[in-house]
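Just so you know, ligand 1 is whichever comes first in the structure, and atom 1 is the first atom listed for that ligand. Not measured: the values here are computed from a predicted model. Numbers here simply count residues along the sequence, with the first being 1.
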Amino acid sequence: MSPGGEGALRRAGAPKKQGLGDTLARRCLQISRPRARNRTPSPTRARDARSLSGDLRREDTRARLRGTLSPPPPRPPFRPFSRNRGAECCPKAQDLGESKTMLARPQGRKGDVASVQRSGPPGGCHGTWRSPGLAWPACCQTSPPARMTPPGPAGAHPTSAEPLSRSIFRKFLLMLCSLLTSLYVFYCLAERCQTLSSPVVGLSGGGAEAGARGRGVLAGGPRELAVWPAAQRKRLLQVQQWRRRRPSAPRDQGEEAAWEEETPGLAGSPGGSGAGSSVTEAPPGTLALLLDEGSKQLPQAIIIGVKKGGTRALLEFLRVHPDVRAVGAEPHFFDRSYHKGLAWYR
Ligand SMILES: Nc1ncnc2c1ncn2[C@@H]1O[C@H](COP(=O)(O)OS(=O)(=O)O)[C@@H](OP(=O)(O)O)[C@H]1O
């Protein structure tokens, strides 16, 4: 309304209204007129604004008493996963009929309460406040709502008991899994140790049990043989072959001696290597072979070569054969230790 609007109305002879509308119009004119000229705040304008808001409140109260203004709608019952959760949180918004506006268009999926929570303001409110002339409700700015737990019996805010128990349950599950895993690893290690310590016992194979198995050296068979180191495995195979090739019966002295000549290093023991043999009855070279001590025989072949002539490679190739037994390092007998004699060389 223009500054001269009131005078024009009076000149036109309009009846002077003493109601609230007239008062409001006059107040508005009084406030807007100096604002157009001078924008500096003055105590008079502040007083006018305060009295205007007081008038508005009084008018609102009168209207309520007269029943012209509808009473605020009742609050809906609590629904934990309802879309109107923002409105429940913000009773001010509900009073103003803005509950739908507050929940309009969250950033996440439609109806997703979690996404609605995420799209709220830093104060913790659920929705997006779309009314330009209204400020955020006080409850949204001061008290962010707890998660989707229902309120307590006294109507208090929901507590964080449920997430706490869930995290404890998760930790318990994690601990249980780690405990089971460590137990399984421990069991596997124990079984492995047991498997490694058994072949010496299997060598004896004494009595009827060994007889039932025939002439096997290892009680556990190839499974046990596989876990042994390569050198010992080869020794065991040698012993096994020696036992197979050895004539069992009848054993006359001549045949035995001939066979021992044929297989030096493996034979040469009066102890029985037959079906009922035990560790004590095994040929003397067997345990020594298993313990990698050697049988103190002179070599049957010697590799001679110049430095960098590939002698090491030749030795390794020959060592692969189960019937060949070679020394680990170069003995250097002929050039360094010849004076020590053949006893040392054996
Ligand atoms: N089959 C074959 N063909 C060609 N070259 C071979 C072969 N076998 C071994 N080599 C090479 O021989 C070198 C090692 O020889 P030696 O084992 O006699 O060396 S040593 O003197 O015993 O240390 C060593 O050479 P370098 O690697 O230069 O030291 C081996 O690579």
* To do: Quick one: name the residues clustered hydrophobically with Leu189, using the 4.5 Å side-chain heavy-atom rule over I, L, V, M, F, W, Y, and just say none if it's on its own.
  => Val185

* Any residue meeting ring pair (Phe, Tyr, Trp, His ring centres under 6.0 Å) with Phe334, in chain and number order, not counting sequence neighbours -> Tyr345

If you look at each N/O of ligand 1, which protein N/O atoms lie under 3.5 Å away, and at what distance?
residue	atom	partner	partner atom	Å
ligand 1	15 (O)	Gly310	N	3.2
ligand 1	17 (O)	Arg312	N	3.2
ligand 1	18 (O)	Lys308	N	3.4
ligand 1	18 (O)	Gly309	N	3.0
ligand 1	18 (O)	Gly310	N	2.9
ligand 1	18 (O)	Thr311	N	3.2
ligand 1	18 (O)	Thr311	OG1	3.1
ligand 1	21 (O)	Lys308	N	2.9
ligand 1	29 (O)	Lys308	NZ	2.8

* **Co-membership, hydrophobic cluster, residues Phe169 and Leu179, 4.5 Å side-chain** => no

* Test item: Leu180 and Tyr184 side chains (from C-beta on) under 4.5 Å apart, heavy atoms -> no

* **Distance-minimising heavy-atom pair for Leu315 and Ala326** => CD1-CB, 3.6 Å

* To do: Using salt bridge (Lys or Arg N to Asp or Glu O under 4.0 Å) as the criterion, list what pairs up with Arg346, not counting sequence neighbours.
  => none

